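Within every chain, numbering begins at 1; the chains are lettered A, B, ... in the order of the sequence lines, protein sequences first and strands thereafter. This structure is a prediction, so every number in the text was calculated from the model and none was measured.
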Amino acid sequence: MEQQDTQTLHKNRPLSPHLSIYKLQLTSALSILHRITGAYLYVGLVVLAWAIFTLVYFPYILEDISDCIYNYAITRIIFKFMVLSWTFSLFYHQLNGIRHLFWDVGKGFDLKTTYITGRIVVILAILLTIACWALVCMYQTPVEMIIIEDNIIADSQ
Amino acid sequence: MKNNLRSPLAKAKALGSAGSGTATWWAQRVSAVALVPLVIWFALFMLKAIEYRDIELITTMFGSPFVTLFLAFFVAIGLYHGNLGMIEIIEDYVHCHSMKMGLIILIRFLSFVTAIAGICAIFVIHLSTFNFN
């Protein structure tokens, strides 16, 4: 009887890092974000590889999928949000990974430097994401406007 | 005190108490270093592809062996690095042993199959840019 009690006690005792009782700080938040973005990047890379595979061997299936996504406003917005967050994840994981590599060689460990580099990484990742998508929007607008103009000309004739 | 109790052979092997060494840790760092330039190249490649828009134009980019190899490397090393990372996450958060082993096998299988499928497809696009008469 006593043995059973100690067993349940052992099962229910809290595990070592006690994540739930700590206040979330910048350092721990960025560390968790590094893992989340890493997992998200893995999923995105698997999707990208299979998308290239489908493009080569079953192009009609890829066309059907892109039609499905672009026919509805909700799926379109979800898809765009996923690509946007994947871009941010790529830049964040890249920059924070470089920060981790510096830690691995024993540099930048003191608290002040850690906080400064943490802030730099987040700001740079956001700026790079914005810059990339601004470029993409710049590439896309002229072509779309030409198509719309062509349609207007074709309609009027 | 503790250090004195370790045998000279254990010190020379430098494997620590786990006994199995730091191979995974090293593999993760080395692939991370390789991915630093590859990710920069991939971002520029995607921007160029989006600028071209047309699939025929994008295919002409694969006429270059460097574009083909870099994209193949990005997919392969990225999946390898992601494979190690996902296994680390599973080992940390999944406590049920059979579930943990099942998930790790699944991730390993998925990474391996995806890498082969992706690299094959990239080289098929590369070959399609040649003129076989």
*Judged by atom type as modelled, is there a donor-acceptor pair below 3.5 Å linking the side chain of Gln94(A) to the main-chain atoms of Val36(B)?*
yes
*Check each atom of Leu35(B) against the heavy atoms of chain A and say whether the ones under 4.5 Å are side chain, backbone, both or neither.*
backbone
*Find the distance between NE2 (His81(B)) and NE2 (His93(A)) and round it off to the nearest 0.5 Å.*
4.5 Å
*Nearest 0.5 Å, what's the CZ-CG distance between Arg29(B) and Asp104(A)?*
4.5 Å
*Contacting region of Leu128(A) [heavy-atom separation from chain B under 4.5 Å]*: neither
*Examine whether an atom of Leu41(A) lies under 4.5 Å from a heavy atom of chain B, and if so say whether it belongs to the side chain, the backbone or both; otherwise answer neither.*
neither
*Which bit of Ser111(B) comes within less than 4.5 Å of chain A, counting heavy atoms only: side chain, backbone, both or neither?*
both
_Heavy-atom pair of closest approach, residues Tyr42(A) and Asn83(B)_ = CE1-N, 3.8 Å
_Beyond-backbone contact of Ile50(B) with Leu135(A), side-chain heavy atoms, under 4.5 angstrom_ = no
*Is there side-chain contact between Val39(B) and Phe91(A), with at least one heavy-atom pair below 4.5 Å?*
no
_Heavy-atom proximity to chain A below 4.5 Å, by part of Ala115(B)_ = neither
_On a heavy-atom basis, which atom in Tyr139(A) and which in Leu47(B) lie closest, and how many Å separate them?_
CE1-O, 3.5 Å
_Minimum heavy-atom distance Ala39(A)-Ile89(B), with the two atoms named_ = CB-CD1, 4.2 Å
*May I ask you to check whether over 12 heavy atoms, not counting those of Tyr52(B), lie within 6.0 Å of atom OH?*
no
*Can you find a heavy atom in the side chain of Leu45(A) that is under 4.5 Å from one in the side chain of Thr114(B)?*
no
_Residues of residues 69-80 of chain B contacting chain A, heavy-atom criterion under 4.5 Å, by residue number_ = Leu71(B), Phe74(B), Val75(B), Gly78(B), Leu79(B)
